[in-house]
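Working notes, beginning with the structure itself.
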There are 2 protein chains.
Amino acid sequence: MAKTRIKDIALAAGVSVGTVDRVIHNRGRVAKEAEEKVKKAIELLNYKPNLAARSLARQTVHKIAIVLPSQEEDEFWMAQRHGIRRALDATKDFGLSAEIITFDDQKKGELLKLSARLFEGGYDALLIAPNIKGEARTLLDQCNKLNMPYVQINSNIDHKGANSLGFVGQDSYRSGQLAGKLLDIALGAPVTIGILHMETEVEEGSHLLAKEAGLKDYFKKHGDPRIVVTQIVDISHKSVIRSVIEELLHDYPDLMGLFVTTSRIHHIAEILKDLDKMEISLVGFDLVQKNIDALGFYKRLFLINQNPSLQGYYGVMRLFDHFLKHKTIRSTKYLPLGIITLENVSNYLHIQDRDNILQDNRTYG
Amino acid sequence: MAKTRIKDIALAAGVSVGTVDRVIHNRGRVAKEAEEKVKKAIELLNYKPNLAARSLARQTVHKIAIVLPSQEEDEFWMAQRHGIRRALDATKDFGLSAEIITFDDQKKGELLKLSARLFEGGYDALLIAPNIKGEARTLLDQCNKLNMPYVQINSNIDHKGANSLGFVGQDSYRSGQLAGKLLDIALGAPVTIGILHMETEVEEGSHLLAKEAGLKDYFKKHGDPRIVVTQIVDISHKSVIRSVIEELLHDYPDLMGLFVTTSRIHHIAEILKDLDKMEISLVGFDLVQKNIDALGFYKRLFLINQNPSLQGYYGVMRLFDHFLKHKTIRSTKYLPLGIITLENVSNYLHIQDRDNILQDNRTYG
DNA sequence: TGTTGTTCTGTGTGCGTACACACAAAAATA
DNA sequence: TATTTTTGTGTGTACGCACACAGAACAACA
């Protein structure tokens with residue numbers, strides 16, 4: 001039951017550890033027969049490399065650049081960062097180091113400006129939230145030219161380069177379907193349902209439109225109610241939002257459900273509470289504090305959690321798998337769409353802080 | 001930015017690595033002044049032990065005994081085992097080994113029979129699903145006498161010994177509240193709601209009663225509908241279940257919601273489909289295959305996921321933290337109560353298989 | 001037969017830590 | 001003072017692996 005070491009394989013195959021090492025790492029310079037013998041011994045003894053020893057022996061530290069929007073205060077990106085930090089803590093003893101590089105995603109061209117820094121900073125890989133599609137595409141093209149692996153998180157620009165290590169994020173279309181289901185169950189009878197994009201710009205092919213499509217498709221199969229789509233561009237003034245809502249309620253007296261495709265549903269909850277219209281069912285996104293507060297006073301509210309923390313975590317872990325375990329994953333990983341309501345929100349908040357695995361906070365003792 | 005090693009501390013403190021080691025591990029035999037200097041250097045240089053090197057150098061492997069019910073075929077316990085295996089894979093290179101020991105939880109006294117094997121098998125810790133409360137309590141008392149740390153998963157018998165490393169599992173009461181909320185939203189008008197315990201025995205203080213209490217308490221605050229509690233003892237014969245349901249529907253024509261406190265809600269879904277009564281909303285537990293199938297044909301069905309896989313995972317990780325990182329957690333950890341419906345079930349199935357962290361499946365190459 | 005080149009293989013060292021051991025210095029005893 | 005005991009400190013080795021380097025074996029040439 002003792003673990004088999006390289007030494008054991010060498011013994012079994014009648015060669016030295018050096019030869020075994022060459023076979024394991026495909027370094028060449030091994031006679032065919034020797035290689036065969038070693039491979040057979042590896043198979044037979046079920047050899048699995050000791051990760052602790054490997055990362056200790058390997059001197060090369062893989063340096064990864066993590067590119068994120070510079071919205072320091074935004075809770076969604078804070079959660080992303082949190083997950084990233086967690087993963088880095090867990091892997092720092094195993095040959096992974098990282099730097100977070102931010103850019104202003106409200107201005108054009110800022111992402112591209114990072115180019116020089118990224119490709120001349122000696123980085124071995126890129127972890128990027130490519131929410132500026134055009135610019136990000138240029139960067140990823142560059143990655144492929146320079147043979148630098150990259151993982152996308154949060155936004156996916158469907159970039160199928162040879163160096164792509166896939167995408168970790170949410171399935172927006174499916175989250176729209178889920179919102180449809182929740183509203184369907186909550187409403188009972190067919191009525192009017194509103195979709196609200198609360199965002200300054202809804203660009204072609206964006207998440208928001210995928211969510212819209214998901215909800216619409218759900219209702220094509222189930223009941224086919226009237227669906228009204230509205231965009232609220234100016235989200236900084238509550239009065240503007242309020243008048244849009246009042247107008248909607250006036251135009252569609254049977255409006256009984258609202259789906260907000262961004263994280264700003266708390267505004268709607270507050271306004272509807274004010275208007276004493278809390279019989280309207282709401283579905284929105286993200287566990288930001290104001291939304292969590294809204295759960296407390298608005299019964300018919302569901303939040304869909306996109307798990308930003310795990311996006312960061314798994315994103316980094318993909319690079320870890322790639323470099324340290326020679327295990328390369330290129331597929332898309334969709335994180336679970338958590339349905340959050342007042343009765344289960346506490347556990348979700350908990351896990352975001354506690355997931356630390358293989359992390360040592362202890363200084364001594 | 002280079003990582004500080006023990007050597008660096010020794011240099012900074014003007015002592016040898018041996019002295020630093022003694023300070024770090026509280027081995028004594030260090031002069032007060034030397035100790036002070038070392039501690040200061042550790043603080044100053046922000047020393048964090050290298051986990052890879054530590055587990056490589058430390059030869060002692062901590063052996064843990066994992067005690068589970070012997071229901072090999074049960075999907076819930078399979079998931080538990082899966083999570084346990086995942087955690088063991090992730091930690092096997094770091095000085096943790098484990099053996100799963102099963103007992104027949106359908107017979108009395110079987111758990112206690114393990115006693116000798118557990119306490120004379122040279123185990124360093126215990127991970128137990130103490131679903132036979134009385135017998136488990138005796139075992140845990142024994143643990144405290146022998147100074148053997150233990151973690152409880154899935155069931156919690158509130159055992160506050162000095163060696164307890166807490167509990168990882170679900171919050172049954174809260175899951176009942178959550179079921180209440182889901183039914184409340186789904187029903188709209190106040191009607192009759194049924195609670196179904198589908199289990200051969202509902203013992204005092206069991207999870208099932210906690211779930212019942214949670215749902216009842218929820219509705220005391222919201223609408224206060226009529227709630228009917230029924231137990232179905234004989235779950236092996238579908239005809240028995242069916243007649244219970246038919247009787248319920250007859251006695252309570254306005255029954256519009258059913259809460260099944262075990263994983264057997266698929267039976268109910270199948271029967272109601274048969275009876276063409278699918279307007280009744282259902283809430284049940286666990287992602288077992290038959291329940292997942294039921295999601296496909298029964299729209300108004302929600303499953304609450306108790307995350308058995310993560311229970312096993314975090315349970316093992318607690319022991320890992322305790323032994324390898326000297327980081328001892330004694331608190332209760334409640335896992336998130338996932339709300340599952342057809343539209344988000346796929347992601348939940350995915351994550352159960354994919355969560356492998358720090359695991360090396362690669363043989364060579 | 002000697003020389004050069006090519007292909008293959010074994011040995012040695014170091015990664016950062018844990019721990020055993022040897023030994024020096026100081027203190028307690030004779 | 002001599003001897004034992006206690007206390008404090010440094011050195012050396014091993015863990016399993018990666019990788020550099022030396023060198024053996026063999027063939028191909030002069």
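Numbers restart at 1 for each chain; the letters A, B, ... are given by sequence-line order, proteins then strands.
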(request) Could you tell me which non-hydrogen atom of A/Leu319 sits nearest to which non-hydrogen atom of A/Leu126, and how far apart they are? (result) CD1-O, 4.4 Å
(message) With heavy atoms of chain A within less than 4.0 Å as the criterion, where does contact along DNA chain D begin and end?
(response) D/dG16 to D/dC19
(request) Would you confirm whether the ring centroid of B/Tyr348 sits within less than 6.0 angstrom of the ring centroid of A/Tyr334? (result) no
(message) My understanding is that only residues two or more places apart in sequence, or in another chain, count here; which of them pass ring pair (Phe, Tyr, Trp, His ring centres under 6.0 Å) with A/His62?
(response) A/Phe323
(request) Supply the atom-to-atom distance B/Ser331 OG to B/Phe167 CZ, rounded to the nearest 0.5 angstrom. (result) 11.5 Å
(message) Output the rounded distance in Å from CG (B/Asn50) to C1' (C/dG14).
(response) 14 Å
(request) Sequence neighbours left out, what passes ring pair (Phe, Tyr, Trp, His ring centres under 6.0 Å) with B/Tyr150? Give chain and number order. (result) B/His159
(request) To the nearest 10°, let me know how far the axis at one end of the helix from C/dT1-D/dA30 to C/dA30-D/dT1 is tilted from the axis at the other, five pairs an end. (result) 60°
(request) Would you kindly say whether B/Thr328 and B/His322 are connected by a side-chain donor-acceptor distance under 3.5 Å? (result) yes
(message) Check this one for me: any side-chain N or O of B/Arg5 less than 4.0 Å away from OP1 or OP2 of C/dC15?
(response) no
(message) Nearest 0.5 Å, please: how far is CZ in B/Phe76 from CG in B/Asn154?
(response) 4.0 Å
(request) Find the distance B/Arg27:CZ to C/dT17:P and express it as a whole number of Å. (result) 13 Å
(message) Rounded at 0.5 Å granularity, tell me how far CG in A/Leu139 sits from CZ in A/Phe119.
(response) 5.0 Å
(message) Just the rounded figure in Å: distance from P of C/dT17 to CG of B/Leu51.
(response) 11 Å
(request) Assign B/Ile6 to base, sugar-phosphate, or nothing according to its heavy-atom contacts below 4.0 angstrom with the strands shown. (result) sugar-phosphate
(request) Please name the pair of heavy atoms, one in A/Phe320 and one in A/Leu96, separated by the smallest distance, quoted to 0.1 Å. (result) CB-CD2, 3.9 Å
Which atom pairs, one a donor and one an acceptor, fall under 3.5 Å between side chains of residues 14-24 of chain A and the rest of the protein, sequence neighbours left out?
from, atom 1, to, atom 2, distance (Å)
A/Ser16, OG, A/Gly18, N, 3.4
A/Asp21, OD1, A/His25, ND1, 3.3
A/Asp21, OD2, A/Arg27, NE, 3.2
A/Asp21, OD2, A/Arg27, NH2, 3.2
A/Arg22, NE, A/Gly18, O, 3.1
A/Arg22, NH2, A/Gly18, O, 3.2

(request) Specify the separation, in whole Å, of atom CG of A/Leu56 and atom C1' of C/dT17. (result) 8 Å
(request) Answer yes or no: is there a side-chain heavy-atom contact under 4.5 Å between B/Thr102 and B/Ile100? (result) yes
(request) In whole angstrom, give the distance that lies between atom CD1 of B/Ile9 and atom P of C/dG16. (result) 12 Å
(request) Give B/Asp21 one of three labels, base, sugar-phosphate or nothing, depending on what nucleic acid heavy atoms sit under 4.0 Å from its own. (result) base
(message) Protein within reach of the bases, or only the backbone? For nucleotides 4-12 of chain C, mark each nucleotide 5' to 3' as B, S or -, using heavy atoms under 4.0 Å.
(response) ---BBBBB-
(message) How many whole angstroms separate atom NZ of B/Lys3 from atom P of C/dC15?
(response) 13 Å
